[in-house]
S.K.: 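Structure incoming, see below.
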Amino acid sequence: VNVSPLPVPVFSAMNGCAGSVITFSNVTSGLNYWQWDFNDGNGSMIFSPAHTFISPGTYSVKLMATSPAGCVDSVRQTISIYPRPQAAFQ
C-alpha cells in the first residue's frame, strides 16, 4: 500500500479597498490542480490570481489544492475589504 501525502496549500494576500485589485500569491509547490473561491460568488483556476472585491466586508478566501496523486486539501484566509475613502472638500 502506497499512501501519498496531502498537498500543503499556502497563499498570501493583502487587505485592500473595495474596487481595488487584490493579488493572491500562491506559494504551494508540487500541485497538479488548484482552485480559488473568493467567497463573493467568484472563483479562479489561475495559479496566483488577481481579484476585485466590489463590496466592503470580510471574505474567507479558500484555496483548494490537488497533488499529482489526487490528494486534496484546502486552506482559508480572511481578507478585509474596506470602504473606499471619500474626499470631503470644504
Side-chain angles (χ1 to χ4, degrees):
V1 175
N2 184 14
V3 178
S4 298
L6 287 173
V8 181
V10 179
F11 73 93
S12 63
M14 301 293 289
N15 298 326
C17 292
S20 298
V21 176
I22 306 297
T23 302
F24 293 86
S25 179
N26 183 351
V27 295
T28 312
S29 62
L31 295 182
N32 194 33
Y33 174 80
W34 48 88
Q35 184 171 350
W36 295 86
D37 177 356
F38 298 117
N39 193 232
D40 66 351
N42 294 292
S44 178
M45 294 174 59
I46 297 171
F47 186 77
S48 288
H51 181 67
T52 302
F53 293 91
I54 303 303
S55 301
T58 303
Y59 297 88
S60 178
V61 177
K62 178 181 173 182
L63 170 60
M64 183 182 74
T66 305
S67 72
C71 300
V72 179
D73 202 0
S74 63
V75 64
R76 287 189 177 272
Q77 180 176 328
T78 300
I79 305 296
S80 295
I81 302 300
Y82 306 110
R84 292 189 72 83
Q86 298 292 323
F89 296 102
Q90 300 287 340

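What you see is a predicted model, and the numbers here were worked out from it, not measured in a lab.
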S.K.: For residues C71 and P5, determine if any side-chain heavy atom of one lies less than 4.5 Å from a side-chain heavy atom of the other.
M.R.: no
S.K.: How close do C17 and I81 get, counting heavy atoms only, and between which atoms?
M.R.: C-CG2, 3.8 Å
S.K.: For P7 versus P9, what's the shortest heavy-atom pair and its separation?
M.R.: O-CD, 3.3 Å
S.K.: Taking atom CG of D73 and atom OG of S67, what is their separation to the nearest 0.5 Å?
M.R.: 10.0 Å
S.K.: Once rounded to the nearest 0.5 Å, what's the spacing between atom CZ of R76 and atom CG of N39?
M.R.: 6.5 Å
S.K.: Using the side chain to side chain donor-acceptor pair (under 3.5 Å) criterion, which residues pair with Q35? Sequence neighbours excluded.
M.R.: Y33
S.K.: Tell me whether M64 shares a hydrophobic cluster with V61, the cluster being built from Ile, Leu, Val, Met, Phe, Trp, Tyr side chains joined at under 4.5 Å.
M.R.: no
S.K.: Angle class for the W34/F47 ring planes (parallel below 30°, perpendicular above 60°, tilted otherwise)?
M.R.: perpendicular
S.K.: Which residue pairs pass the ring-ring contact (aromatic ring centres under 6.0 Å, His included) test when at least one of the two sits in residues 57-81, sequence neighbours left out?
M.R.: F53-Y59
S.K.: Where is the tightest heavy-atom contact between Y82 and P56, given as atom of each residue plus distance?
M.R.: C-CB, 3.9 Å
S.K.: Indicate the ring-plane relationship of F24 and W36, choosing parallel, tilted or perpendicular according to the 30° and 60° boundaries.
M.R.: tilted
S.K.: Drop me the distance from S20's OG to N15's CG, to the nearest 0.5 angstrom.
M.R.: 11.5 Å
S.K.: Would you sort out whether T58 and I79 count as a side chain to side chain contact (heavy atoms under 4.5 Å, CB included), showing the intermediate values?
M.R.: CA-CA 6 Å; T58 303; I79 305 296; over 6 Å; no
S.K.: How far does CD of Q77 sit from OG of S12, to the nearest 0.5 angstrom?
M.R.: 7.0 Å
S.K.: Could you list the residues that satisfy side-chain contact (heavy atoms from CB on, under 4.5 Å) with S48, not counting sequence neighbours?
M.R.: N26
S.K.: Assigning hydrophobic clusters by single linkage (Ile, Leu, Val, Met, Phe, Trp, Tyr; side-chain heavy-atom cutoff under 4.5 Å), is V8 placed with V27?
M.R.: yes
S.K.: Taking T28 for the side chain and V10 for the main chain, is one N or O donor matched with an acceptor at less than 3.5 Å?
M.R.: yes
